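The next block holds one structure in the form of structure tokens; read it before the comments.
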Amino acid sequence: MAFEITCSGNITTLSGLKNFDIESILECGQCFRWDKNNENDYTGIVKDKAVRIVQTKDAARFYGCTCSDFKEIWNDYFDMSTDYGAIISTLTTNDDVMKMAAEFAPGIRILRQPLFETLISFIISANNSIPNIRRVIARLSKMYGEKIDTEFGAFYKFPDPGVLGTADVSEIALSKAGFRSKYIKKTAKEFNENPVTTDQLKNLGYTGAKKELMKYPGVGAKVADCTLLFSGAYTNAFPVDVWVKKIMEELYLKKDTPLGAISDYASEKFGELGGYAQQYLFYYARSNT
DNA sequence: CCACAGGACGGCT
DNA sequence: AGCCGTCCTGTG
């Protein structure tokens, strides 16, 4: 690995980081459960592990994180084994648009998040705003997730499929998920009765995995692509939402290009790196338009 | 009061 | 197969 790890009890420090900017990573729309305490200072929970991360330049300190926690959870979650410098280098060759987008936020990384949490989170994201998505997920976790107390606050685990799958839709609706409440319940129920793993999705191939996810109620092409990308299953997944549609039409294509045509173009142009390209473009579009 | 937000669904043709 | 009205909730 290119960076160095120093462990001291409950604190793990990374130094010599490249292409790692905690704000870009946590606020580029791929995750919804991190809270900003200060500049470059975030707390969050993944599975049953809560952590506080404070970054200064090319170093990041993880509080509430032992060396084995980092190796078991966070190293994979933050995709630390991937060389983002090489990805940017490939994407920006002969492509001034990608050059501009990647230079805007070279510290973005694609998180490898738990599959069920990612699936439900992006069902909630349909026709919804990020602040509202965050509130709904926080309420569901508090209602149905196990409480985890730490030195830097209380956290709630993301609910298990069995719990969400057996809850009443009217009760789930108290989270303000609206018309998505019935999708949350049904998808959780189906997932619990027939669990799917990231490895199983990888064995299906991208197209097969996407079709499999689209069997769940509330999951269309965009939600399926987000789930495949942000759970670490397929880096070629290229979610096309209104922002990506807009900037792809503006910078590469022309107005009123159908969603499917944008997907095809991205697949042809970016290939296996489509997901990374999507994040640079998305973050650039959201921040500059 | 109305428009619209980081889509999916169902009922049309 | 493609088009289009509708859908909870929060914000402007």
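So you know, we letter chains A, B, ... as the sequences are listed, proteins then strands, and number each from 1. Just so we're clear, the structure is a prediction, and the values are computed from it rather than from any experiment. Below, each value reflects all heavy atoms present in this structure, side chains not excepted, and no hydrogens, waters or symmetry copies.
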Reckon [X] touches a base, only the sugar-phosphate, or nothing at all at heavy-atom distances under 4.0 Å?
| X | value |
| --- | --- |
| R180(A) | base |
| A221(A) | sugar-phosphate |
| G218(A) | sugar-phosphate |
| P239(A) | nothing |
| V223(A) | sugar-phosphate |
| V244(A) | nothing |

Residues in ring-ring contact (aromatic ring centres under 6.0 Å, His included) with [X], at least two apart?
| X | result |
| --- | --- |
| Y216(A) | none |
| F155(A) | F152(A) |
| Y283(A) | F104(A) |

Nearest atoms (heavy-atom pairs only) where [X] meets [Y]:
| X | Y | value |
| --- | --- | --- |
| A237(A) | L228(A) | CB-CB, 4.1 Å |
| A188(A) | I120(A) | N-CD1, 4.5 Å |
| W34(A) | R134(A) | O-NH2, 2.8 Å |
| L17(A) | M80(A) | CD2-CE, 3.7 Å |

R61(A) atom CZ, over 12 foreign heavy atoms within 6.0 Å: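 Check fails, neighbour count at 12 or below.
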Consecutive Watson-Crick or G-U pairs in runs of at least 3, all under 3.5 Å, in which DNA chain B is involved: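 So the stems come out as B:2-5 with C:9-12, B:7-13 with C:1-7.
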Partner set under side chain to side chain contact (heavy atoms under 4.5 Å, CB included) for D199(A), not counting sequence neighbours: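 D199(A): side chain to side chain contact (heavy atoms under 4.5 Å, CB included) contacts with T197(A), K202(A).
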Opening and closing nucleotides of DNA chain C in contact with chain A, under 4.0 Å to non-hydrogen atoms: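 Boundary nucleotides touching chain A, in 5' to 3' order, are dC7(C) to dT11(C).
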Y183(A) side-chain proximity, nearest of dC9(B), dA8(B), dA5(B):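 Side chain of Y183(A) sits closest to dC9(B).
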P gap between dG11(B) and dC8(C), integer Å: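 Comparing P positions in dG11(B) and dC8(C) gives a spacing of 15 Å.
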